[in-house]
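Hydrogens, waters and symmetry mates are skipped; everything else that's a heavy atom, side chains included, is used.
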Amino acid sequence: MLKYIKVFSLTIGLVLFNSCKLDLLDNPNAVTLNNASPGFLLNRIQLDFATFFNQASDPGMRLTRMLNQGQAIYANAYTPQSFDGLWTNAYANILTDVKALIEVAERSNLPVHAGIARVIRAYVVATMVDYFGEVPFSEAIDPNNFNPKTDSGESIYQAAIADLDRAIANFGASAAALPTDYFYRGNRDNWIRAANTIKLKLLLTSRLANPAASTAGINALIAGNRLISTGAQNMAFRYSSNLANPDSRHPRYAGQYSPTGGGDYQSNFYMWTLVESKGFPDPRARFYFYRQVTRNTTDVNELRCITNQPPPHYPADMPYCFGTFANLGYWGRDHLSNEGIPPDGLRRTAWGLYPAGGRFDDDRGQPVALIAGAQGAGIHPIMMSSFTDFMLAEAALTLRTTGNPRALLESAIRKSMADVRSYALSTIEGSVVTAFETARGINWDNEVNRYVNRVLALYDAATNDDQRLDIVAREYWIALHGNGIEAYNMYRRTGKPSNMQPALEANPGPFIRSFFYPAVFANRNANAKQKANVERPVFWDKNPAGFVR
Amino acid sequence: MKRLLLLSALWALIVCSMYAQDRVISGKIISSEDNSPLPGVNVLAKGTTTGVVSDSEGKYKLNVPEGATKLVFSFVGFLTQEVEIGGRTTIDVVLTPDTKQLSEVVVTAQGIVREKRALGYAVATVNQNAIADRPLADVGRVLQGKIAGVNITQTSGVSGTGTNITIRGYSSITGSVQPLFVVDGVPFNSATNSRGSFVEGGQAAPSRFLDIDPNNIENVSVLKGLAAAVLYGDQGRNGVILITTKNASTKNKPAEITLTQSVFGNTAVLPVYQNTYIGGFQQNAGYFFSNWGPSLNEYLRRQELGLAIGAFPSHPYAVLQDAGLRAAFADYVANNPYPIDVFPNNVRDFFRTGVVSNTSLNLNGGNGTTSYNVSVGYNREQGYIPNNDLARLSLGLGARTQVIKGVTINTSFNFINTDVKTPPLNAGLGNNTLNGFPSVLANVMYTPRNIDLMGLPFESPVDNRSVYFRSPNDIPNPRWILKYYSTPSITNRFFTSNSVIVDLAENLSVTYRVGLDTYNERQEAKFNKGGVDFVNGAYFTRDIVNTIWNHDIIMSYSKPLNEKLTLAGKLGANMRNDRYDEQSVRSVNQLAFGLMRHNNFIDNAASSFTQEQTRIGIYGEVTADYKNFLYANFAARNDWTSTVEIENRRIFYPSGSVSFIPTTAFEGLQSSMLNELKIRAGVGTSAGFPTPYSTRNILNQNSRAFLDAAGNVSQTHTVDNFLGNPNLKPELITEYELGVESKLFNNKIGVDLTWYRRETTNLITNTPIDPATGYTNTAINIGKIRNTGVELAVNATPIRKDDFSWETVFNFSRNVPITVELGGQLTEVVVAGFTNLGNFAVPGRPFNIIKGNAFLRDERGNRVVGGNGLYLSDPTIRELGNPNPAFNTSWINTLNYKGLSFNLMLEYRHGGALYSSTAGALLGRGLTKDTEFDRSLTFILPGVKQDGSPNDIQITAADYHFNSIYFFGDEGRIFDGSTIRIREASLSYNLPKNLVSKTPFKGVSVSLQGNNIWYRAINIPKYLRLDTDNLGLGVGNGLGFEFLTGPASRRFGGTLRLNF
């Protein structure tokens, strides 16, 4: 008996040894970490950053009435799950890759790679603070710590500014190679300007928390004179018209330009502000909004509000539904309208040529299509030259920094007009623009001058700095089309533009001063404490409760 | 291996030749039942290893060694007899069948046949009568409700979709909980090779046990607990379904041919629609998704009076917003006014009655040493949706032969071709599909009553584009999808099991078994251009090759130590290698319409994926039998896995069980009331291994990440979001079970009751982690799930009289899965679904609870309405229901009268929440008869206003249903899933022998059979006729979601069986 067991065991042993294929631990389907290419890593970081900008910009635009927000009350507008994607993209995509890249780049003498990564990191972490307040930073991006604690917003802002300073040093160093650069094609001077302008943004944003430091810092930046100040220096991510493999179109275009239309509803209030509020249309309106129909509908099945009265709590002159509009077909939604979706996919006003790469509105009144206008070769206006001047104007008005706010306001508007137009003419839709202007006898410069003069007249009529700031902020808000991050920050910082369209619901609850923590953080991190509500302001928002609605 | 065989063969020869042979005894063995000869009976000279097997005529001839005084005759299912030889040379024997149910034999782990009374754990068996000739091609669905503790749910009623099986609940949060299929002794891949997630068309993927022809099954054994399954290692942790095919259960008997032909009809169970109100919203007529228009009469009255009536009376194609389409349908644009009417059968006519046919031919036979079985099966199933077809050809051959004395070879080969055609299926919430992936049924069920689905043209005569009634043309026409979209799959599978059994010495044998299961599955998705989702067309192909090699070598030994105690032992080793290879190509932007070739598409992207893992295990088992009333069973297995780092590779896990028969142990306990009592207890453990490549970090690469305006393509690298965990260990699962089996009232009633508690600790969980760590998930040993449950099977024969009998089986099972803990920091894990509507694991709560968007409630629990009188929603998602049924029961009755047999199977499921898109869409859009109330009335939602005062705001019917309850938020779509069902009914008739004997046949039987004949979800509005047996999330760990992926299927038909 024992003999059999012995023979049997021996045989088993032999069989098992001969077939011992247990060494199957390396994933045959992927590249190992040692093979990471710094250039490829930076490509991913830039692309993810474009996505991040779009993710963060979206709620910012919706809350500041630049786009429709489709929930009835603020508390429902953004749930913790709404920001899971943003949080994941910021940390698990961008910040991890930035960390991995900087290690490789510093080993391989690739300071420009590292510099770009740092600029992006600074922008991302500061935006996280702007949206959520205290977030993990010093303990984040560590595979050995599953429960990173949050840091104060102030310390993260300081770290971001320090990162920008290091990035500026990086851009000055000699480099073994330059990366693929979606923003400036390797122009280091422009990168230094971008870093400085983002610094300006951080200093201005935090001016209520630390006015002295902001004033000194902004004055130093003005003196240094290396801010984004021309269109060529704009920090904008540019998409292409490539439909598939890979889809490289602007996400707003991709979400709306299809045979069946649909997608985002524009904001009635924003459209009214541009088209109607000054008595004549803003020259940018035809670039911003594309009307699929040029007449207001009379079919209640398509737009239910046309038979309704404005809510009783709306001020008398407040636009509602098509409102005070002339019969022009600007077809959007009022603030916090949670109505269902009628068959209006090929009727509602769509994203226009700027910045989404859609169609220029030349009164053709045709539905959107899969391939139309600039075919999605749009931009994300992350930091434009006009933004610099608007920020400096606000700083001059509130912090008394160097510069004349009226002159800055004028140059800011002119730069915004120029940015919109030069972008438009650079696209394949450019000929449509010029053909339309020729046909209608429109002189662009005259249009801009009329607009600038009107705004300056309003500015001159203002009797105090608060009113002046309101005018600056409203123009900045108009120029920000496509960038909800700055608009949302400004609205909480200044309460401007004032007299925004109220919610349809008389009691929509308090305005969102910072968002709920994402579910992926609140539910998975032992050190996370979800907020009780969305009223908690971030560190730089020193304004009282109920400051904005 | 060769050497061992040689060695064994040599030994066998030596052993055999050692005995001198003396006398020759011959005889014939017959059955006491009908005096028919019994082939295959073991005849053994007692105290020796000398024996033979009776031939096909029941005859045997044996050389009896000197000294032997008795012959032992044994045969499965019959009482063993010992006969004194005395001076005789001819011994004829009559064997009597063993009628005591408790001493029935069952197939247990590794194919070991054991007496049921000796088992300390629960094993359920289902014989072929309960499986064959059913109108279902999928063996999983055939088994639905037939085994207590085995929970089987179909993805939908569409033919060829997957089937989910869980046994005793959930052993893992994110890992697979599907049981192991073992066919003819070797593992059989039963995976559902999903086509993507539930929002990427995953519902159309079949589960690969679809490759098993139910008509070719001899019997099924289910090992539910870990004590039973330990010998299968980690693969057995979710239970084992042991299938013996006819090819592997060859019997030594005269050649017999069986031909079976069945034909069934397959229809969809559709809602009952109201036909009073027409499409529109807020009582306005219009071409909407919704059916909240005026009544047809009201509409016609207004038309007569010349009052405003919305978009009507134009033909829908006259008001399309696309000028090109309007031009293409100029006839319809001109056809004004268009008469509005109701089309009561618009949905019904979209479906068809599919024909299901099974043909199977089985030939078996053999002589004293060799037996064989040949089977051919052809199964064709038409789904209830046109272009949904399933065809399966199975060819099988099995043989068993005694090569030389003491060496037996068993072999079976199977080839299966399974061809599934189906239009795309994908989750829908009641307005198109999700995620841009099409679904043929997404918009069918709630077609407004005035839309002539079957009468309207569905494609543009100009460019074949889909066209349908909603003015932006944003609903793909379902008939267009049928014609121009399909997601077929073809599988070719080869499966073989071979074993050599060598009797080395008395009571000692070695078995070597090798199994190969390999298939290639080709999945395609064909989407012509012109639709709504893949506008420019798409063609995806995926070629999967999955191979399992499995080797087992087992040495068995048994020895009676003395009269009281018998010991048996087994020592075995197992090596299993699994390899999955996939090549896929995704092409978009079609050139020529209609052609589905990758080179007819502008953009192609290809990818490859390989996953391989190996397990090696050594296992042993010792069983002790003490005086036939106390049995003990100890087993253990030690495994090495390739999926974790070297230092964590090994895991050892034991199990033990005891069976005690008081009725045998204590004389006098046995009575006519209590015939037999068995008490059993077991504790089992099992391992779980992580999926391969979970221990190391990787980099994601994309070769075409972005194409900039200048036309440059950029490549990217990114640190993968999965954090490799080098310290990952195999997980350990522990289960306790207690059971009582009893025979009562002269064996008229049999009771089998089991209680179990299964706990998995150090669960390998694909755990989500805070992305702030830099990663989104990792595999880690955390968490604990506990499943506690009760299984009860009662079988009884209340009446047995002359020619009439009534047999009944009642099954009850209840499983309570609880998420005990998730590891320190985690407060919830999304098990399946969306992050804001899905199944969640939350500590202290039942596993898989449904969380989603709830109505806002005040402190006293009242729902809160906003200024417009509609419910507000809660800003954070809330628990909405527990999808685990409180219990499931089935009741199977068989009435026999002479050759006539009537079978009726009833089921009742109690509780279990269900989120239903069908209910949400049909009630929310005013389609079914449930919504045929006076819609001109106003409604007030129960609840309070934001200031706390009672709600008094009047709203319309459309506001109430669409804008509040069924479309805004998820809470309104949650229902209780309690369901009563008639699962099966059949009437069969065996032609009497005297009649048959005049024909060329040995036996003839005919039967009528129906499946899913009637059901009613008792707490769901009745006109929906919603079937709760539906998994909108597809096969996996999710539960309790129905996403419009297909109504229930009901089948009726008949079978003719001929034996030659």
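The most heavy-atom pairs under 4.5 Å with chain B, out of A:Met128, A:Arg304, A:Gln46, A:Lys99, come from A:Arg304. Taking A:Asn144, A:Val534, A:Leu42, A:Asn507 one by one and counting their heavy-atom pairs under 4.5 Å with chain B, the maximum is reached by A:Asn507. Of the listed residues (B:Phe281, B:Phe289, B:Phe609), the greatest number of heavy-atom pairs within a distance under 4.5 Å of chain A belongs to B:Phe609. Per-residue counts of heavy-atom pairs under 4.5 Å with chain B were compared for A:Ala77, A:Ser37, A:Ala506; the largest is that of A:Ser37. Contacts with chain B were tallied for A:Ala140, A:Gly262, A:Ala72; A:Ala140 has the most, counting heavy-atom pairs under 4.5 Å. Between chain A and the options B:Asn536, B:Val713, B:Ile475, B:Asn963, the largest number of non-hydrogen pairs under 4.5 Å is found for B:Asn536. If you tally non-hydrogen atom pairs under 4.5 Å between each of B:Val644, B:Asn431, B:Asn702 and chain A, the highest count goes to B:Val644. Between chain B and the residues A:Leu346, A:Asn533, A:Asn43, the most heavy-atom pairs under 4.5 angstrom are made by A:Leu346. Among B:Ala709, B:Gly867, B:Ala772, the residue making the largest number of heavy-atom pairs under 4.5 Å with chain A is B:Ala772. Of all the listed residues (A:Ala528, A:Pro259, A:Ser82, A:Gly261), the one sharing the greatest number of non-hydrogen pairs under 4.5 Å with chain B is A:Pro259.
Proximity to chain B is absent for every atom of A:Ile45, based on heavy atoms less than 4.5 angstrom apart. Proximity to chain A (any heavy atom under 4.5 Å) is shown, for B:Pro692, by neither the backbone nor the side chain. Heavy atoms closer than 4.5 Å to chain A are found in both the backbone and the side chain of B:Gln715. Both the backbone and the side chain of B:Glu645 come within contact range of chain A, each with at least one heavy atom under 4.5 Å from a heavy atom of that chain. Using a 4.5 Å cut-off between heavy atoms, A:Leu41 touches chain B through backbone and side chain atoms alike. Heavy-atom distances place the side chain of B:Val535, and not its backbone, under 4.5 Å from chain A. With a 4.5 angstrom heavy-atom cutoff, A:Asn29 touches chain B only via side-chain atoms. Proximity to chain A (any heavy atom under 4.5 Å) is shown, for B:Gln321, by both the backbone and the side chain. With a 4.5 angstrom heavy-atom cutoff, B:Leu872 touches chain A via backbone and side-chain atoms both. Looking at B:Arg586, neither its backbone nor its side chain comes within 4.5 Å of chain A, counting heavy atoms on both sides. B:Asn836 touches chain A through backbone and side chain together, each having a heavy atom under 4.5 Å away. When heavy atoms are compared at a cutoff of 4.5 Å, B:Asp874 approaches chain A solely by way of its backbone atoms N, CA, C and O. Only the backbone of A:Glu339 comes within contact range of chain B, with heavy atoms under 4.5 Å apart. Heavy atoms closer than 4.5 Å to chain B are found in the side chain of A:Asp84, but not in its backbone. Using a 4.5 Å cut-off between heavy atoms, B:Asn604 touches chain A through its backbone atoms (N, CA, C, O) alone. Looking at B:Val830, neither its backbone nor its side chain comes within 4.5 Å of chain A, counting heavy atoms on both sides. Within the 4.5 angstrom heavy-atom criterion, no atom of B:Asp533 approaches chain A. Looking at A:Ala519, there are no atoms closer than 4.5 Å to chain B (heavy atoms on both sides), in backbone or side chain. The part of A:Thr32 that comes within reach of chain B is its backbone (N, CA, C, O), which places non-hydrogen atoms under 4.5 angstrom from that chain. When heavy atoms are compared at a cutoff of 4.5 Å, A:Pro143 approaches chain B by way of both its backbone and its side chain. With a 4.5 angstrom heavy-atom cutoff, A:Phe516 touches chain B only via side-chain atoms.
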Which is it for B:Asn721 and A:Asn93 under the side-chain contact (heavy atoms from CB on, under 4.5 Å) test, yes or no, and what are the steps along the way? CA-CA 7 Å; B:Asn721 284 346; A:Asn93 296 348; 3.2 Å; yes
Pair A:Tyr182-B:Ser714, side-chain contact (heavy atoms from CB on, under 4.5 Å): steps then yes or no: CA-CA 10 Å; A:Tyr182 297 117; B:Ser714 31; 2.4 Å; yes
After noting the C-alpha distance and the side-chain angles of B:Glu828 and A:Arg524, does the key distance pass the side-chain contact (heavy atoms from CB on, under 4.5 Å) rule? CA-CA 7 Å; B:Glu828 65 182 35; A:Arg524 301 179 186 176; over 6 Å; no
List the steps, then state whether salt bridge (charged side-chain N to carboxylate O under 4.0 Å, His left out) holds for B:Arg696 with A:Asp26. CA-CA 7 Å; B:Arg696 298 181 183 181; A:Asp26 267 325; 3.2 Å; yes
Worked check of side-chain contact (heavy atoms from CB on, under 4.5 Å) between A:Leu25 and B:Thr695: CA-CA 7 Å; A:Leu25 287 161; B:Thr695 61; 3.8 Å; yes
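B:Thr716 contributes no side-chain N or O that, together with a main-chain N or O of A:Arg44, makes up a donor-acceptor pair within less than 3.5 Å. In this structure a side-chain-to-backbone donor-acceptor pair under 3.5 Å is missing from B:Asp474 to A:Thr260. In this structure, the side chain of A:Thr96 engages the main chain of B:Gly774 through a donor-acceptor pair within 3.5 Å. At distances below 3.5 Å, at least one donor-acceptor pair connects side-chain atoms of B:Thr827 with backbone N or O atoms of A:Asn523.
Looking at B:Tyr287 and A:Pro343, their side chains never come closer than 4.5 Å, going by heavy atoms from C-beta outward.
B:Phe706 has its ring centre less than 6.0 Å from the ring centre of A:Phe237.
In this structure, a donor-acceptor pair under 3.5 Å is absent between the side chains of B:Asp770 and A:Asn147. A donor and an acceptor atom, one from each side chain of B:Thr776 and A:Tyr91, are nowhere located under 3.5 Å apart. Side-chain contact annotation: A:Asp97 with B:Thr718, donor-acceptor N/O pair under 3.5 Å present.
Under the ring-ring contact (aromatic ring centres under 6.0 Å, His included) criterion, A:Phe521 pairs with A:Trp87, A:Tyr517, sequence neighbours left out. Under the side-chain contact (heavy atoms from CB on, under 4.5 Å) criterion, B:Asn725 pairs with B:Asn727, B:Leu728, B:Thr778, B:Ile780, sequence neighbours left out.
Distance check: B:Ser873 OG to A:Ile73 CD1 gives 6.5 Å after rounding to the nearest 0.5 Å. Rounded to the nearest 0.5 angstrom, B:Asn697 CG and A:Asn34 CG are separated by 11.0 Å.
A:Gly340 approaches B:Phe962 most closely through the heavy-atom pair CA-CE2, 4.3 Å. When all heavy atoms of B:Gln613 and A:Leu24 are compared, the closest pair comes out as CA-CD1, 3.8 Å. In terms of heavy atoms, A:Ala244 sits closest to B:Asn589 at CB-ND2, 3.6 Å. A:Gly345 and B:Pro472 make their closest contact through N-CG, 3.8 Å (heavy atoms, listed as atom of the first residue, atom of the second, distance). Here the closest non-hydrogen pair linking B:Phe968 and A:Asn338 is CE2-O, 3.0 Å. Here the closest non-hydrogen pair linking A:Pro28 and B:Thr610 is CG-O, 3.8 Å.
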